[in-house]
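The structure appears below as C-alpha cells.
Because only heavy atoms are used, hydrogens play no part in the values below, and waters and symmetry mates are left out as well, while side chains stay in. Residue numbering restarts at 1 for every chain, and letters A, B, ... go by the order of the sequence lines. The structure displayed is predicted, hence computed values, not measured ones.
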2 protein chains.
Amino acid sequence: MTDAPKILFVDAASRYGWARGRPGEKPESGSARFAPEDSSQGAIAWGAMRFVAEQIQSYRPDEIVVEAPLPATLVNGKTTVSTQEILMGLPFAIQGMAYGLQMYRVSVARVSKIRTHFIGKNAKGEIAKPMVWRKCIALGWISANDEDLSHDRTDALAGWHYAGTVLCPQLAQPIDDLFVKAEERKRREAAAADQRLAKTEQAIREESERRRSIMEKF
Amino acid sequence: MTDAPKILFVDAASRYGWARGRPGEKPESGSARFAPEDSSQGAIAWGAMRFVAEQIQSYRPDEIVVEAPLPATLVNGKTTVSTQEILMGLPFAIQGMAYGLQMYRVSVARVSKIRTHFIGKNAKGEIAKPMVWRKCIALGWISANDEDLSHDRTDALAGWHYAGTVLCPQLAQPIDDLFVKAEERKRREAAAADQRLAKTEQAIREESERRRSIMEKF
DNA sequence: TAAACCGGGTGTAGCT
DNA sequence: AGCTACACGAAACCCA
DNA sequence: TGGGTTTCGGGTAAAC
DNA sequence: GTTTACCCCCGGTTTA
C-alpha cells in the first residue's frame, strides 16, 4: 500500500477538538479554544485561521476534514444568531484559510455519518458523546488518566477515524460520497486554478506579490 | 472639526457591495464577486479575506462596518444551508482577517436600521432597494449612466451613510448603540490585548514570529 | 450571450 | 422502496 | 476557580 | 405600552 495520507480532522466550535494522523496509526488529538471566552468573533475567527495555517505549515496534512455545522432551521431556531455565526463561520473561515494557503484537499463531514460509522447509530449527542468517548478509550487513543478527556476531543477522534475510513477505502469500506465529492471538488478546483493561472504568468506573479504584501505587516 | 474618519462599508454576500469615504464627502463604491460562480466556499472566503486585507492595507480605513446577516430562523427557514454558511461566514471571516491585521475598529450594522435611517422606513427589499437606489442617484453618489448600478452597490452606499451618521454624531444624529457597542468592544479588545501582551515581551516576539512564518510560504 | 425572472429552500437512519 | 422522525452549543449559574 | 448543570434561543419600527 | 409584522440570496430557466 502506498503511504496512507496524513489526515487532520477539526471539530470546529468555539471550543474545538482536533485529531490527526495516518489511518491505521494511533492519532494525536486535543482540544482547546480558538480565543479566550467572551472574545469578539473577529478574535475567534482569527484564532481558527491561525490554527489552520499552523497545522498546514507544520503538520502538512494531505487531507483536512471539518465537521459540518448543523443547519439552523434544523435546530428549529433553537440557537442564537451569534452562535450560528460562529458555527457556520468557523468552517467557512477555515476553508478560506486553507484555500489561501493552497491546500485544496478540504472536505466537510456530517455529524450523523460520523456517529453511525463510529458507534453504529445516530444518537443524539447526549447519548452518543459518552459512547464515542468510551470507544476512544477502548481503542487506546486516549488514556483514562489523560489530562484532556473532553468530548470535543473524542468527537474529533471519531471524525478522524471516519475520515480515514472514507478516504482510504482500501483499508475497509467502499468509498462513499464524501470521497467522491472530494475528488469532484479537487478536480473542479484544479481545473479552475489551471484556467486562472493559465491566463498569464503575469497574473500569477501579481497574485503572489499581493499575498505576500498583505502579510508583511505582521 | 477633526478629520472625519475613513469609513469602509461592506455588504457581504456572494456578490458583495462596498462603499468608502469620509462622512460628508462623496463616497467611492462598487460591487463585485468574491470568487467566480460555483466556486467552493473556500474560494469565496479567501476572496473576502483578501479583499479586506487589501482594503486595510491600501485604503487604511479608520472604521470598517459590515452588514449583519439575517438570522436563519427569520427567513423562516427559507434559505439553504450553503447560503447560510456564506451569509454568516463572510462577515465572520472578514472580522477575523481584520482582527489578524490588527484592525479592531470593526462593527456590524443591521439592515433594518440602515434602511430606516436612509429611506425612513424598514420596507422589504423588493420595495426598499429601488428606493435606496433612487436616493443614491439623487445624491449624486452614482450617476445614471454609470456602469455598475447594482443594488449591491447602492445598498452598500446606504450602509456607508448610516455608518457615517452613527460614527460621526457631530454631523447629525446623537450616538446610538452601534457606536456605543463599538466603543465598548474597542475597549474590551484593547484591554484584552494589553493583558495578553503585558504577560511577557517574549510572548509578543513569538507571536510575531509565528505570524510571519505562517505567511512566508506565499 | 447577457440580463431579467422565478422557485426553492437538510439529510439520514431506521422502521413500515 | 417509501415514509417518518429527529438532530446543538453558548453563557449564566451554582456548587464543591 | 473550575467544572457540571441549566437555560435560552432576533430585533426594529410602526400600528393600535 | 403593547402588539404585530416584516425581513433572504442562489442557481436554473427564460427571454431580448
Side-chain angles (χ1 to χ4, degrees), chain A residues 11-17 33-39 41 44 67-90 108-117 119-129 147-152 155 176-178, chain B residues 11-17 33-39 41 44 67-90 108-117 119-129 149-152 155 176-178:
Chain A
D11 175 11
S14 164
R15 170 149 212 127
Y16 69 99
R33 301 189 65 92
F34 284 127
E37 277 198 26
D38 288 320
S39 299
Q41 291 197 353
I44 298 173
E67 196 172 291
L70 265 80
T73 56
L74 241 218
V75 193
N76 198 15
K78 295 193 182 302
T79 186
T80 59
V81 182
S82 134
T83 303
Q84 278 296 314
E85 287 166 343
I86 296 173
L87 259 47
M88 303 259 145
L90 281 172
V108 158
R110 274 180 224 289
V111 188
S112 59
K113 283 197 164 186
I114 296 175
R115 286 197 182 142
T116 28
H117 171 74
I119 56 174
K121 66 184 292 193
N122 180 17
K124 78 161 91 169
E126 187 188 355
I127 299 157
K129 287 189 186 218
E147 289 202 9
D148 183 349
L149 292 170
S150 70
H151 287 169
D152 306 287
D155 279 357
D176 74 1
D177 55 285
L178 175 60
Chain B
D11 176 11
S14 168
R15 168 148 214 127
Y16 69 100
R33 301 189 64 93
F34 283 128
E37 277 197 26
D38 287 320
S39 300
Q41 291 198 354
I44 298 174
E67 195 171 293
L70 260 72
T73 55
L74 241 214
V75 194
N76 200 16
K78 295 190 184 296
T79 185
T80 59
V81 184
S82 129
T83 303
Q84 279 287 319
E85 287 165 343
I86 295 172
L87 258 46
M88 304 260 149
L90 281 172
V108 157
R110 276 178 218 287
V111 188
S112 59
K113 282 197 162 187
I114 297 175
R115 285 198 182 142
T116 32
H117 170 74
I119 56 175
K121 66 184 293 192
N122 181 16
K124 78 162 89 171
E126 186 189 354
I127 299 159
K129 287 187 186 217
L149 292 170
S150 70
H151 287 174
D152 306 287
D155 280 357
D176 75 3
D177 56 283
L178 173 60

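Which of C/dG11, F/dC10, C/dA13 sits closest to the side chain of A/Thr116 comes down to C/dA13. Closest approach to the B/Lys129 side chain among F/dC7, F/dC9, E/dT12 is made by F/dC9 (side chain taken as heavy atoms from C-beta onward). The side chain of B/Lys113 sits closest to E/dT12 out of E/dT12, D/dG9, F/dC9. Set against E/dG11, C/dA13, F/dC9, the side chain of B/Thr83 has F/dC9 as its closest nucleotide. Set against F/dC9, E/dT12, C/dT12, the side chain of B/Leu87 has F/dC9 as its closest nucleotide. For B/Arg115, the listed nucleotide lying nearest its side chain is F/dC7; candidates were C/dT12, F/dC7, E/dT12. The nucleotide whose nearest atom lies closest to any side-chain atom of B/Thr80 is, among C/dG9, C/dG14, E/dG9, C/dG9. With F/dG11, D/dA10, C/dT10 as the candidates, the nucleotide lying closest to the side chain of B/Asp38 is F/dG11.
In this entry the distance linking CD1 of A/Ile86 with C1' of D/dC8 reads 13 Å, nearest Å. In this structure, B/Met88 atom CE and F/dC9 atom P are separated by 11 Å, rounded to whole Å. The distance from atom CD of A/Glu85 to atom C1' of D/dA10 is 13 Å, rounded to the nearest whole Å. Whole-Å rounding puts the A/Asn122 CG to D/dC6 P distance at 12 Å. Taking atom CG of residue A/Asp11 and atom C1' of nucleotide D/dG9, one finds them 11 Å apart after rounding to whole Å. As a whole-Å value, the separation of A/Arg15 CZ from D/dC8 C1' is 17 Å. For the pair A/Asp152 CG and E/dG3 P, the computed distance is 13 Å after rounding to whole Å. As a whole-Å value, the separation of B/Glu67 CD from F/dC8 C1' is 11 Å.
The phosphate of F/dC9 (OP1 or OP2) has no side-chain N or O of B/Thr79 nearer than 4.0 angstrom. In terms of phosphate contacts, A/Lys124 brings no side-chain nitrogen or oxygen within less than 4.0 Å of OP1 or OP2 of C/dT12.
Partner assigned to C/dC15 is D/dG2, using Watson-Crick or G-U wobble distances below 3.5 angstrom.
Heavy atoms of B/Arg33 sit nowhere under 4.0 angstrom from any nucleic acid atom. Within 4.0 Å of B/Ser14, counting heavy atoms only, lie sugar-phosphate atoms of the nucleic acid but no base atom.
Taking 4.5 Å as the limit, every side-chain heavy atom of A/Gln84 sits out of range of all side-chain heavy atoms of B/Pro71. Here the side chains of A/Tyr16 and A/Leu90 are not in contact, with every heavy-atom distance at 4.5 Å or above. For the pair A/Lys113 and A/His117, the minimum side-chain heavy-atom distance is 4.5 Å or more. Within the 4.5 Å cutoff, the side chain of A/Lys124 has no heavy atoms near those of the A/Lys129 side chain.
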Check: protein-nucleotides 14-16 of chain D nitrogen or oxygen pairs below 3.5 Å:
none

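Distance check on atom P: F/dG12 versus E/dG9 gives 38 Å, rounded to whole Å. Remark: the separation of the P atoms in D/dA11 and E/dG11 is 14 Å, to the nearest Å. D/dC13 sits 46 Å from C/dG8 when the P atoms are compared, rounded to a whole Å. Between F/dG11 and C/dG11, the two P atoms lie 15 Å apart (nearest whole Å). Nucleotides D/dC8 and C/dT10, compared at atom C1', are 15 Å apart to the nearest Å.
With a 3.5 Å limit on both pairing distances and Watson-Crick or G-U wobble geometry required, the stems of 3 or more pairs in DNA chain F span C:1-9 with F:8-16, E:10-16 with F:1-7.
Checked by atom type and distance alone, the side chain of B/Thr116 pairs as donor or acceptor with a backbone atom of B/Ser112 at under 3.5 Å.
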Checklist entry - For A/Val81 and B/Leu70, what are the C-alpha separation, side-chain angles and deciding distance, and is it a side chain to side chain contact (heavy atoms under 4.5 Å, CB included)? => result CA-CA 8 Å; A/Val81 182; B/Leu70 260 72; over 6 Å; no
Item to check | Evaluation steps, side chain to side chain contact (heavy atoms under 4.5 Å, CB included), between A/Arg115 and A/Lys121 | outcome: CA-CA 6 Å; A/Arg115 286 197 182 142; A/Lys121 66 184 292 193; over 6 Å; no
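Looking at every heavy atom in both residues, A/Val111 comes nearest to A/Ala68 through CG2-O, 4.2 Å. Residues A/Ala72 and A/Met88 share a closest heavy-atom pair of N-CE, 4.2 Å.
Both A/Leu70 and A/Ser82 lie close to DNA chain D; mapped to their nearest nucleotides by heavy-atom distance, the more 5′-ward contact belongs to A/Leu70.
In this structure, B/Glu67 has no side chain to side chain donor-acceptor pair (under 3.5 Å) partners at least two apart in sequence or on a different chain.
The CG atom of A/Asp38 sits 9.0 Å away from atom CD1 of A/Ile44, with the distance rounded to the nearest 0.5 Å.
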